[in-house]
Structures are given as C-alpha cells and as structure tokens.
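Below: the structure, in structure tokens.
So you know, we letter chains A, B, ... as the sequences are listed, proteins then strands, and number each from 1.
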Amino acid sequence: MAYEHKDIEEKWRAEWAKRGTYKVASDPSKPKYYVLDMFPYPSGAGLHVGHPLGYIASDIVARFKRHNGFNVLHPMGYDSFGLPAEQYAIQTGQHPAKTTEVNVARYREQLDNIGFSFDWSREVRTSDPSFYKWTQWIFLQLFDSWYDHAAQQAKPISELLKRFETQGWHHADACALTGDVEEELGAFTAAEWNAFDERTRQRILQHFRLAYLSEAWVNWCPALGTVLANDEVKDGVSERGGHPVERKRMPQWSMRITAYAQRLLDGLDTLDWSESIKEAQRNWIGRSEGALVRFKLKDAAGDIEVFTTRPDTLFGVTFVTLAPEHELVEVITPADRREEVMAYVTTAKNRSERERMADVKKVSGVFTGAFCIHPFTGQEVPVWVGDYVLGGYGTGAVMAVPGGDQRDWNFATHFGLPIIAVTEGADISKEADERKDATISSEGFLKGLKVPDAITRAIDELVKLGAGERRINFRLRDAAFGRQRYWGEPIPIYYKDGVPYALPESELPLKLPEVDKFLPTEDGEPPLARAANWNYKGHPLETTTMPGWAGSSWYFLRYMDPHNAERFASPEAINYWQQVDLYVGGSEHATGHLLYFRFWTKFLHDRGWIPFDEPATKLVNQGMIQGVSAIATRSQFKTNFETDGPLIPLIDGRRIEPSSPTTGFGRFFISADLLGLIDFAKASVADERNVTHLPLDIRFVNSGIVDVSQMILGESREDIRSGVYLCLNGFIKDGVAKRYLNDNEINVEGEIVFRVESLVEKMSKSKFNVVNPDDIIAKYGADTLRLYEMFLGPLEQSKPWDTNGIEGTYRFLKKFWYLFHAGSSSDAPVASTLRVDPPHITDEAPTKAELKVLHATIKKVSEDIEKMSFNTSVAQFMIAVNELGALKCNKRAVLEPLVITLAPFAPHIAEELWEKLGHSTSVTLAPWPKWDASHLVEDSFSYPISFNGKTRLQLEFPIALSKEEVEAAVLANPEVQSKLGGQPPKKVIVVPKRIVNIVV
RNA sequence: GCCCGGGUGGUGAAAUGGUAGACACGAGGGACUUAAAAUCCCUUGGUCCGUAAGGGCUGUGCGGGUUCGAGUCCCGCCCCGGGCACCA
C-alpha cells in the first residue's frame, strides 16, 4: 500500500539506462527542440539543492516537449577546465585531470539521482582533448580572420592579404582598427606592402586578426601569477581569492570582440531574453555617440584628442585634463613645471586603479604649464593632469566643461578654475547642469539651440574646421584571452623569430603537456614553460592557456554531434538542431559567458560554419536558492562571577545558575528566546567582542530548535562541542539537559530546548547551511525533491530553502499513489511494494465532476509549462488529487491522462503507475492529453454581489441569463433590497460570469 | 547617480482591472492508536461587536489619482535585491 519511493526510483533509473529511453538522434520527420542548461564546473563540494533548480525546470520542459511530439535535444556536460582544480593541484601535487575526474563522477552520481532525461551519450567535457581540439580549431579560425567593417563581417586573412598586395592600406580604412590595445598603424601602399619583410607583415597583420597578440594593459595578479579578464576583477582585487591586481603592460592574446560591438548590441532586440540581462549587456557594450575633438597644442606640433558626448558644450570648455598615463604629459610640460608635474604623475600612476576608484571625493591634479587652442574661439585653454581621467578609457583626455559636468565642476572648484554656464537656467554656483533637454546659453553660434540640435551643429562645424568628427565610442574592451595557467586549453601557436604562427590543423589537438609542478617558473614564465619539448619542429610553443570562457562559448554546438572526429559538428547535425530553443542558467553570466557565447556564434556564422548568428533564442535565468543559516549567540560573561558566583542576571532581577565554571569567566551559548531576558549590563560583558554569533550546522536544526546532543557528536569545532547552552528553563552541557541549579527557572514547564535565530544568505560550506540533494532524496525521493523545488516559487526569483516545507509535496505524492491503490487487496505493509501491491483501477465512465477536475488540470498544467510557471502547476496537481480523493475516483479514464501530465515533474512515480496501468512502453512516449473546454463549462455561476465595490453577498444564477436578467434578479433579491434600504441604486454593473456591482 | 527586478498573513506564495491571501508549510484544536509514526477532519490576515448563529470595520511598502470597481493602470515618494559607473 505504501508509496516506496526508493524502490520505485532505483528501479526506473536502472530501466531508463537499460532501455536508453533518453537517447536522441536527428529525425527530420519530427520538429526539433533544443533545451540546454548552462553546464556546471564540477567543484569538489558537489551539488547542493540550489544547483539543480534550473536543471529540473529545463527537464520538465524537455519532457513536456517530447510528449508533444518534438524530438528533444537535452544534453549535459562539464565545464571542466578551471582555477579551483589547479589551485588544488598546486597545494597537493595531484594532477587536475585526476581531481576533475573524481568530481565529475560525483556530479554524475548526484545528477543521476534526480532523474533527469539527459542524453548522456552526448556528454562533453571541455578538458577532454577530443573536445578542446575544436576549441583550438576555432581559435585558429579567429587567428586567421579579420573584420571587414564595410561588409560588417569576419573574413579570411587571405582576402586581406590580396587587398594589401593590390591596394595597400589607407587611413580612410582605419575604422577597421578596433579595440584599445593596438598601436598606431601607418598607411602603406601596395608596393610598400610587397616590399615589407615577413616580420613586418606579420606585425601588421596582428592589428587585424580577431585573435591577436599585442602589448596590452592587463590586470596582472602577482599572487595568482596570472592575468585576469576585466570581469574577473572586482573592486581592484581578483574575484577568486581577493588578491590585489595591478595594471601592467605585457604581451597578451586578445579577442577582438569590439569588432562585433554594434552587432552584439543590435542582436539583443531579436532575443527572447530577460530585460535585465539584455540591459546588462547594453550597459557593458556601452555605446555612446558623440564627437572626437582635436585641440591644437600651442607650443608644440600635434594636438590633444578628446572624445565627448556633449560637443554642444564646447563653448563652456575652460581647461583640458589629461590622464596621468597620457603620453603627451611628458611632451608638453615646460621645463620649469617638469619636476612638479612628473612628481604628481608618479604618485597618481602608482595609486592602483582600486584606490583611484574608491577615492571619488578627493580631487587631485596639477597644471602642466602648457596650453592648447580652442577650435572654435581660438582662445588658449590650459592643460591639466588629473587622476579622475583614466588612461585606459577613451582617448585618455577630456575637454573639461565645469558648467555641464559634475566631475569637471568639482575639479574646477577645487583649483579655482573658471566655470562658464552652458545652459539656460543653470545655477553653476552650486553644481553643474547635466540636463540633456536644456537650451544652450554660452556665447557663440550654439547659443539658443536645444542640446540635440547644438550637438549636430557643433559636429558640422568641427568637420568644416578639420578639428573633429562624429564618433561612436564603445565601452566594450577587447577580451583578454591568455592566462598564465596550466589547467586550460593550450593555445595552438608557435613562434618563429618571435613572430606567432598558427599550428597546422593536422597537429590538433595540441595536448596539455606533463609538468613537474603546476606553478609558474622561477623567472615568471607560465607553467607550460616547464614542459619538456614544448615546441613545434624546434620552434617554441605558446605557454599561456585559454580562459574559462573559451570552451563554453561554443559547447552548445558540440552536443549536436559530440563524437565527430572530422569537424566540430557535422553540417547535417547543425542544420537539424539549429539554435538553442531554451537556455537556462544563472544571471551572473550576463556579461561574461553570455556575451562571448554570442560573439563566437556570430563569428562562426560569418565564416560560414553555421547558419545562424545567435546561439539561443530564449533565455531564462533561474533564481538563487539561498541557505537558511542557524545563528547562535555566544557570550563571555565576566566579573560577576568573582562577587556573585556563577549566576547570570536577568532583567527582572532574578538570576539563573548553570553549572559552575571553574574560573571567573564563563562562555555560554544563549538560546534565542533567552537572549532578551539577560541583563547584559549587570552581566558586565566587557566589550562587544564578547558577544559573538556563530553559525551552527543546519543539519541539526529543526524549526529553529537545535538537537544539541546530536550536534556535538557530529561537530568538528571544539568550542561548539564543549559549549554550555543556556536555555529558558535549563541548560545543556555535553549533550545532557539539566534544570538550573537555583530555583529561578523562568519556565519550569516543558522541555529544555535551545533555539537559534535564522538568517537567509548564500548557501555555502563555510556558513554551515548547505543542504545536499542526496539527503533529501534518501528521505523523500527525487520526485518529491523535483516537485518541491518547483513548488517553492517562481523560477526566476531567489528564495530561501526550507526543508520543513517539503512534507507537503511528499504528502501529495503519497495521496496520488493512494488514488491508484485505495481499496486494493494488499493493504498490509510489505517490504517492497513493487510487484505485490496491485493497483485498484476501474474502467467505469467518469462523472462530470471527475472530468472537470481532469481537464482543468490538463489545461492549467499545459499553459503553465509554456509560461514556465511551475509552482502553480504543482499547486494544480495538489488541487486535483485533493478533489479526486474526495470523489474517491479510481477510474482509468481520469487517472491515465493525469499520470502523463505528472510525468515531466515526477517521472519515477509516473513510470511506475503507468506500468501498473498495463503499459509496457515508457510513459515518456505517451502523447500529451488534450483538454476539452466542454468539460469546464459551468451551468451556473455564484455572483459576488458588491456595493460600491465591496462584496456583501453571493447569489447563484444560471450563466445563460442575460445581463438584464441578472440585474433584475439581483434587485429582486430581498437581501439586496434590505441593503439598499429603499433607495434606488444609482447604477448596476453586471459583468457576466464575474461580478455584480451596485452603486448606491 | 543611472538601469533592471521586487515589496501581499507567522513562512514559501497565488490572483486576464472583477470575491485579496489559491496551494503548501507552520501553529492551534479534534479523530484513530496502549503509545508513537502515518493518516484524516476542523480553525488559522488583523481587529471589533455577539453566549451563539452571525455581523461590522480594516488590510497587498507610503501618499495622491484614474475607474462602478485597483495588489494589478497613472503620478510622486520610501525600502530591499541585482547590474553599471570617474566613458567626459
């Protein structure tokens, strides 16, 4: 009779594996559907209940689509290159491949327990040479490509060479140069190109390749011995480990993602992604329209280039500020100012980016002594250096308009520089006016124009004067691609005379070599430099490896054809499976993975390898499941013991006496309900440090009450094991509860229980609040876990995990099971229910009420899955079971379709019941039931009758009645009449099948 | 500062402009049981009146507005979460 989840789930997991139930192949006769989860990095900690949330949701959709006739690709794999395995390798000497293998096995075991419909025959691992062969191959394609801005497309380098050979390179083409890391490239003719030596040619080509090597400002992290990407640096320290990061110029592999800035931006409009992710990407790309303005130097050749979004404020320029790193600083500073200026530059430069960012309030700068010429007025404008201008961004110089920009205003005010009002109605004595809908008021030809018109006019004038032009600037930077690390894809490049060359395709995969240690060499070379024979035909190989995002930028393609040895995936497979129809993962990847993922897809499209240029049409971000930490308060009482003995004073004047401490000090854990009763003033807690908060392991906490005796057995922290736990009416020491030694129990009744406060925060080992899905599954089963995770709330929302609530979904499954077995002959509990527990199903025709429940459920669940509103579908299942239980329904015609609708959510129990209903094939093959609206039609409706919008009573009328008939019937009702008190209603609103509102 | 989310019982939450709190947890009461577990039934936003049946008022962060009717739409604030930021 009982619902034995363990037997059922083990049986079906084995059966699915044996039958290959979830294996999938291209099948042109069926429509395809591609459901993808962001694959996990297999960490040593294993999965906690938060990880599978998205996987369960996508699994439900995958199963639902299968029932609806789609051929569903639903794969899983591992992002198995990464820092933690390498850190572990450095500490222990254990090869990261080994650790990764162990962790993957553990992940697989945990994932299998949850009953996902993954086609494991398609598993990929980014650290597998058969996979990273193609990551390297794509790298070579990028190395062999340049971006033709005129055509808005990546093209082979060979085409560029032809162009150079016949046309050379002209400054007019210079817009092809993108990114922030190139040096100035001069124009050359075809004849010059043909005369260049190999070295020169290769150096020039680096300016065009989409994967390129150049001197770049990088985030160098000395502690990690590596370079970090911009998005791996948070607040000036490394995201992982929190080590300081400094700006350093060094040779660096980069990806020219900036070439795609406009397309990455435009593409967002075509995607069904959450607005917040799209917005984050828009911000990250950071397109701004404005003008490049050149200020001629007064006493030197050349000019200062400035980018501004507000050329309309040019008449408000009172000075120009250069970043301390700006190369002109040295050039223009006159000798008599040199000492002072260079001293400032040195300090400003040495301040880390972190300090400069943290210190917004402090204004610092110095006058160079040089002047430049205002392009419109011809007046002299002083040139300053200020550290509020960053060298790495834009041109590293700003035209300062203190009347229109707050930072410039701060700088001008601090140094007493003139401030000109640029807009009508601005009060420049208090702050700058940054409004973009103002009218220009500064003297000159822009006066009286609205800002947008003034911008256009200003640019026109700049162009006429040759002093500037329209310019679109992107915040997006080229992506650093090399890491001074071992555990990543080797970059398939070798060096001849210091010039990088592509390794021939036939040499791929370039496998990771064995090294004696996973650390940088003594002279700071990356670990790969330790490898013996790390060269190609005598030429040294590249020693940096690829970053984490390389493999994840294209893995979705490999799943389509994971064992192909000839190509990253066959054209047939790609043409069949196309884009990902539903991609599920965390929103923390908004500007990292999800941008590179789109970038590589666009690139592969440009070069003709794939027919689409966006990887995933729909993206859903699951929320985070937070942990609930159990926080215990611990205090060290002092001094009172010396005079009063081991008594703890309470605010009502009484004292409680736990077992006597041997010294004059006592360290106690205090139950949350006792906390407010202790008189901490009298207890003379020396200082705040004597009251501390410690997280207890939530495995020993139930509804806020700690099982202290169990906890001290399983606890590794000594202070927790040996602690004295003060409760309301006694204390617990060494796991034994005792009454207080004096008669001052606050409450002599009841058990001595220790309570903790709960705190919702990130689930993590260090907070002792991790819930392992394996434990939940052992107790309640995977089907219960799946249902409960969905039942917690909307998928995209973050929510705390509370194991206590799981009983509800477990009870639901037991009731569902009972529907099939109520009145069954074998009512006695038996060890295994699988064969001996016959179902009790009849073939009788269902009643109207039963059909209504069934069809309402099919309708609601079908619609909810499409909307990814899983919590409401689970609620509907509960309603159905409660109602069918009350109707004592055990009819096949009702239960059979219900099993199919439940199958995507709780596949194990559904398979078992499906089999019991007499089917020999898997429930996953059953077609999705259709709901029939005719079963949902009601004969009558109970109208809420409201007066002025407030519901007062209910009246039932046939739905066939017209508005007028309902109104008449309502007004004829004696109760309504008495409420009206003889007054005629002002108005009566009847909304059929909804409400009646009487206005009085 | 800017851009996205969000704010509803003790808790997780539900609600095409139409009966706020579905569903579930927890809590309280009861049934069954020698007992426990399991299961089942009832109550459960707040508050007031009533012995009771029942009824009144109030209530979706705050203040306005639109509407016969607002958790939902509009305007102005407050708070929480996430993202971005010396980009000139």
Need one value for A:Gln406: base, sugar-phosphate or nothing, where a base atom within 4.0 Å counts as base even if backbone is also close, heavy atoms only. nothing
Quick one: label A:Lys278 by what it contacts on the DNA or RNA (base, sugar-phosphate, nothing), any heavy atom closer than 4.0 Å. nothing
Residues passing the ring-ring contact (aromatic ring centres under 6.0 Å, His included) test with A:Phe947, sequence neighbours excluded, are none
Go through the structure and list residues passing ring-ring contact (aromatic ring centres under 6.0 Å, His included) with A:Phe474, not counting sequence neighbours. none
Sort me out a list of protein N/O and nucleotides 21-24 of chain B N/O pairs below 3.5 Å, or just none if empty.
| residue | atom | partner | partner atom | Å |
| --- | --- | --- | --- | --- |
| B:A24 | OP1 | A:Asn882 | ND2 | 2.8 |

Please state the C1' separation for the pair B:G9 and B:A24 - nearest whole angstrom. 14 Å
Non-neighbouring partners of [X] that pass side chain to side chain donor-acceptor pair (under 3.5 Å), sequence neighbours left out:
{"X": "A:Trp801", "answer": "A:Thr803"}
{"X": "A:Glu796", "answer": "none"}
{"X": "A:Thr809", "answer": "none"}

Got a sec, which residues hit salt bridge (charged side-chain N to carboxylate O under 4.0 Å, His left out) with [X], two or more places apart in sequence or on another chain?
{"X": "A:Asp783", "result": "none"}
{"X": "A:Lys860", "result": "A:Asp864"}
{"X": "A:Lys6", "result": "A:Glu10"}
{"X": "A:Asp405", "result": "A:Arg407"}

Short side-chain to backbone donor-acceptor contact, A:Thr318 and A:Pro418, under 3.5 Å: yes
When you measure from the side chain of A:His326 to the backbone of A:Thr321, do you find a donor-acceptor pair of N or O atoms at a distance under 3.5 Å? no
Please tell me if [X] has a side-chain N or O lying less than 4.0 Å from either OP1 or OP2 of [N].
{"X": "A:Lys950", "N": "B:U58", "value": "yes"}
{"X": "A:Arg952", "N": "B:C57", "value": "yes"}
{"X": "A:Arg475", "N": "B:A85", "value": "yes"}
{"X": "A:Lys814", "N": "B:A38", "value": "no"}

Quick check for you: among B:C86, B:U16, B:U19, whose closest atom lies nearest to any side-chain atom of A:Asp387? B:C86
Given B:C84, B:C25, B:C87, which nucleotide is nearest the side-chain atoms of A:Asn804? B:C25
Could you run through RNA chain B and flag its stems, i.e. three or more consecutive Watson-Crick or G-U pairs with both distances under 3.5 Å? B:1-7 with B:78-84, B:10-12 with B:23-25, B:26-31 with B:39-44, B:45-49 with B:54-58, B:61-65 with B:73-77
5' precedence on RNA chain B between A:Ser946 and A:Arg407 (nearest-nucleotide basis): A:Ser946
Rounded to whole Å, how long is the line connecting atom CZ of A:Phe957 with atom C1' of B:U19? 15 Å
Output the rounded distance in Å from CH2 (A:Trp284) to P (B:G82). 17 Å
Atom pairs under 3.5 Å, N or O on each side, protein against nucleotides 68-70 of chain B: can you list them with distances?
| residue | atom | partner | partner atom | Å |
| --- | --- | --- | --- | --- |
| B:C68 | O2' | A:Asn997 | ND2 | 3.1 |
| B:C68 | O2 | A:Asn997 | ND2 | 2.7 |

